[in-house]
Amino acid sequence: MNSKLEMDTLVSLCKRRGFIFQSSEIYGGINGFWNYGPYGTAMKRAVEKLWWNEMVETRGNVEGLDSTVICNPKVWKASGHLDKFGDLMTDCKECKTRHRVDQMEDPSTCPNCGSKNLTEPREFNLMMKTYVGPVSDEDHVAYLRAETCQPIFTDFHSVRIATRQKMPFGIAQIGKAFRNEINPRNFIFRSREFSQMEMEFFCFDEEAMEWYNFWKDQRIKYYYDKLEFTEDELRIHDHDTLAHYAKAALDIEFKFPFGWGELEGVHHRGTWDMSRHQEYSGESMEYFDQENNRKVIPTVIETSVGVDRTMLAILCHAYDEDTAETKKEGKKADVRTVLRIPAIVAPVQAAVLPLSKKLSEKAENIFKDIRRRYRSEFDVTGSIGKRYRRQDEIGTPYCVTVDFDTMEDNTVTVRSRDAMTQERVSADQLIAYFDDKLLM
RNA sequence: GCGGGUGUAGCAUAGUGGUAAUGCACCAGCCUUCCAAGCUGGCAAGGAGGGUUCGAUUCCCUUCACCCGCUCCA
């Protein structure tokens, strides 16, 4: 990452090149909501595909789920969200601090400065509320899920029975979650509608710490190997103080331009969630351990990733500027903006560029072949140098250039985004050449 | 939610109480055979609402959004 990267620069690039837009922009936007444009969408889908491949498809012991955003409100009562999210808060008008009323010794005195000049206690409920059915009264209140993991817990037995999985095994889900964040901030880092990729691994309590460490290692390796993050960009933050449900927890953090921020949490949640759902639903959430002839409440190890935070981290990691020679009149050093996005998640993986419009037909034939396997683009507009720069700015790792030699010997040049070098490859060998570089 | 700042074409900037300018980008044409060429033409803007004024993008108020610092982050 370019160490001088300002968020403004990235936000502007994301808008200009169609990665990320403000939601409802023509109406002035809406706080905490962002849209992905064409390239952002392609990249987001690739990120989700990569995670799904990594966590589900290449493992025999993790199953997939796609649950609804709206659940029976009792789910959120059991999970603790409705109570925890209902905290009363008060602001001190003197020292501008905010406090939870239930944690104050004297609710009329500011614990920070001793002032009695406090605002009326207000409820801060972070769950988004809606109404199910045409009648909007309190009997029909429902909530948009604040995390994707709770429906995984409630569907534990359905998934287990359908797939004949035995513990230990996991259930994974990718989907939207919603929180009425008090203060959305830092572009897409903290927004009110966001996507999560979560995996809940159900295991026996005595093996749980082993699995916790296993998943911790797996997940850290993923960031280095698959997303190409570097050691100075990542750190592990072990939690000193644990949430009410957790027995061990860590954050995998990325060094954003605005500071360190959490990408993923790995949590040992104990039996808290499953016990609560058993208690609130009255249904047994126990697992019958045939080998030891016992019933146990499964212990849960969770890996929880923010998709949007991953997107932002990849973009920050990828953003770079270098200087290149230019033949543009009146300018000396040319600054090249380039996104060094890992090839497997790049929105466009290969661009096919005919050197001249006369070569369009041949180039289109090659394009038709490779677009079936990779995210590809075809561009004949402008000079070849300009087209390379366009592709650099959206992070396309390879450009295939069809030139006049192609018509003679059926070879093309493959130009690398990072090295800016060219390699001559037979058109017949392109698929083999790219499979090695672009597939997961 | 508090304090501070900002808001002009897709992006970056300029300027003005009286016709909103420039660069980049984009589109069309000419030209052009490997790293942002050139020429010609074109598209396109003062966040929203109210007030003051003959007239507001400019001054005032409200609101919305974004940025920075606090706060929050189960």
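Within every chain, numbering begins at 1; the chains are lettered A, B, ... in the order of the sequence lines, protein sequences first and strands thereafter. Because only heavy atoms are used, hydrogens play no part in the values below, and waters and symmetry mates are left out as well, while side chains stay in. Since we're looking at a predicted model, the values are computed, not measured.
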**Q** So what does A/Ser79 touch, heavy atoms closer than 4.0 Å: a base, only the sugar-phosphate, or nothing?
**A** nothing
**Q** So what's B/rG3 paired with, Watson-Crick or G-U wobble, going by both distances under 3.5 Å?
**A** B/rC68
**Q** Measure from the ring center of A/Tyr143 to the ring center of A/Trp76 and say whether it is less than 6.0 Å.
**A** no
**Q** Whom does B/rG17 pair with, Watson-Crick or G-U wobble, provided both distances fall under 3.5 Å?
**A** none
**Q** Nearest whole angstrom, please: distance from the P of B/rC73 to the CZ of A/Arg309.
**A** 13 Å
**Q** So which of A/Tyr224, A/Phe256, A/Phe254, A/Tyr222 actually passes ring pair (Phe, Tyr, Trp, His ring centres under 6.0 Å) with A/Phe229?
**A** A/Phe254
**Q** A/Gln22 near the nucleic acid: base, sugar-phosphate alone, or nothing, with a heavy-atom cut-off under 4.0 Å?
**A** sugar-phosphate
**Q** Considering Watson-Crick and G-U wobble pairs with both distances under 3.5 Å, what does B/rU62 pair with?
**A** B/rA48
**Q** Whole angstrom is fine here: how far is it from CD in A/Glu6 over to P in B/rC11?
**A** 18 Å
**Q** Between B/rU57 and B/rU40, how far is it from one C1' atom to the other, in whole Å?
**A** 32 Å
**Q** Find the distance A/Asp8:CG to B/rC66:P and express it as a whole number of Å.
**A** 13 Å
**Q** Using the ring centroid of each side chain, check whether A/Tyr374 and A/Phe434 are separated by less than 6.0 Å.
**A** yes
**Q** Name the pairing partner of B/rU22, where a pair is Watson-Crick or G-U wobble with both distances under 3.5 Å, or state none.
**A** B/rA12
**Q** Could you say whether A/Val412 or A/Phe33 is positioned toward the 5' end of RNA chain B, judged by the nucleotide with the nearest heavy atom to each?
**A** A/Val412
**Q** Is B/rG38 paired to anything, Watson-Crick or G-U wobble with both distances less than 3.5 Å, and if yes, which nucleotide?
**A** B/rC30
**Q** Say you pick atom C1' in B/rA48 and the same atom in B/rC54; how far apart are they, in whole Å?
**A** 25 Å
**Q** For B/rU32 and A/Lys358 - does any side-chain N or O of the residue sit under 4.0 Å from the phosphate oxygens OP1/OP2?
**A** no
**Q** Could you give the CD-to-P distance, from A/Glu25 to B/rA65, as a whole number of Å?
**A** 13 Å
**Q** May I ask you to decide if A/Ala346's main-chain N or O and A/Arg375's side chain share a donor-acceptor pair within less than 3.5 Å?
**A** yes
**Q** Could you tell me whether the side chain of A/Arg415 has a donor or acceptor atom within less than 3.5 Å of a complementary atom in the base of B/rC35?
**A** yes
**Q** Write down the distance separating the C1' atoms in B/rG17 and B/rG41, rounded off to the nearest Å.
**A** 35 Å
**Q** Just how far, in rounded Å, is P of B/rC34 from NZ of A/Lys357?
**A** 16 Å
**Q** Between B/rC30 and B/rC66, how far apart are the two P atoms, rounded to whole Å?
**A** 45 Å
**Q** Does A/Val335 offer a backbone N or O that forms a donor-acceptor pair with the side chain of A/Glu321 under 3.5 Å?
**A** no
**Q** Could you tell me whether the phosphate oxygens of B/rC73, OP1 or OP2, come under 4.0 Å of any side-chain nitrogen or oxygen in A/Asn183?
**A** no
**Q** What interatomic distance, in whole Å, is found between P of B/rC11 and the corresponding atom of B/rG18?
**A** 26 Å
**Q** Say we look at B/rC43 and B/rC68: how far apart would their P atoms be, to the nearest angstrom?
**A** 37 Å
**Q** Quick check on B/rA12: is either OP1 or OP2 less than 4.0 Å from any side-chain nitrogen or oxygen of A/Lys15?
**A** no
**Q** Check if the side chain of A/Arg185 and the base of B/rC67 share a donor-acceptor pair of N or O atoms closer than 3.5 Å.
**A** no
**Q** Students often get this wrong, so: under 4.0 angstrom with heavy atoms, is A/Thr401 touching a base, only sugar-phosphate, or nothing?
**A** base
**Q** Would the base of B/rC73 count as contacting A/Glu181 through its side chain, where contact means a donor and an acceptor less than 3.5 Å apart?
**A** no
**Q** Is it the case that the base of B/rC34 and the side chain of A/Tyr388 share a donor-acceptor contact (distance under 3.5 Å, atom types as modelled)?
**A** yes
**Q** When the aromatic ring centroids of A/Phe258 and A/Phe189 are compared, is their separation below 6.0 Å?
**A** yes
**Q** Syn or anti for B/rG50, please, going by whether the chi angle lies within 90° of 0.
**A** anti
**Q** I'd like to know if A/Ser12 reaches the base of B/rC11 with its side chain, counting only an N/O donor and acceptor under 3.5 Å.
**A** no
**Q** Regarding A/Asn186, tell me which of base, sugar-phosphate or nothing describes its non-hydrogen contacts under 4.0 Å with the strands shown.
**A** sugar-phosphate
**Q** Taking atom C1' of B/rA65 as reference, at what distance in whole Å does atom CD1 of A/Ile26 sit?
**A** 15 Å
**Q** Determine, for A/Tyr388 and A/Arg415, whether the Lys NZ or Arg CZ falls below 6.0 Å from the six-membered ring centre while staying within 45 degrees of the axis.
**A** yes
**Q** Under 4.0 Å, counting only non-hydrogen atoms across every strand here, what does A/Val11 touch: a base, just sugar-phosphate, or nothing?
**A** nothing
**Q** Quick check against the 3.5 Å criterion: does A/His237 have a side-chain atom that pairs as donor or acceptor with the backbone of A/Glu262?
**A** no
**Q** Using a 4.0 Å heavy-atom cut-off, does A/Tyr27 contact any base of the nucleic acid, only the sugar-phosphate backbone, or nothing at all?
**A** nothing
**Q** With no angle test and no hydrogens, is the base of B/rC34 tied to the side chain of A/Asp403 by a donor-acceptor pair under 3.5 Å?
**A** yes
**Q** If you measure from the C1' atom in B/rC27 to the same atom in B/rA9, how many Å do you get, rounded?
**A** 15 Å
**Q** Can you tell which of B/rC68, B/rC35, B/rC27 lies closest to the side chain of A/Thr381?
**A** B/rC27
**Q** Check every strand shown and say whether A/Arg390 touches a base, only sugar-phosphate, or nothing at a heavy-atom separation below 4.0 Å.
**A** sugar-phosphate
**Q** If I pick the P atom on B/rC70 and the same atom on B/rU53, what distance separates them, to the nearest angstrom?
**A** 45 Å
**Q** Would you indicate what A/Gly32 reaches in the nucleic acid, counting non-hydrogen atoms under 4.0 angstrom: base, sugar-phosphate, or nothing?
**A** sugar-phosphate
**Q** Output the rounded distance in Å from CG (A/Leu353) to C1' (B/rA36).
**A** 14 Å
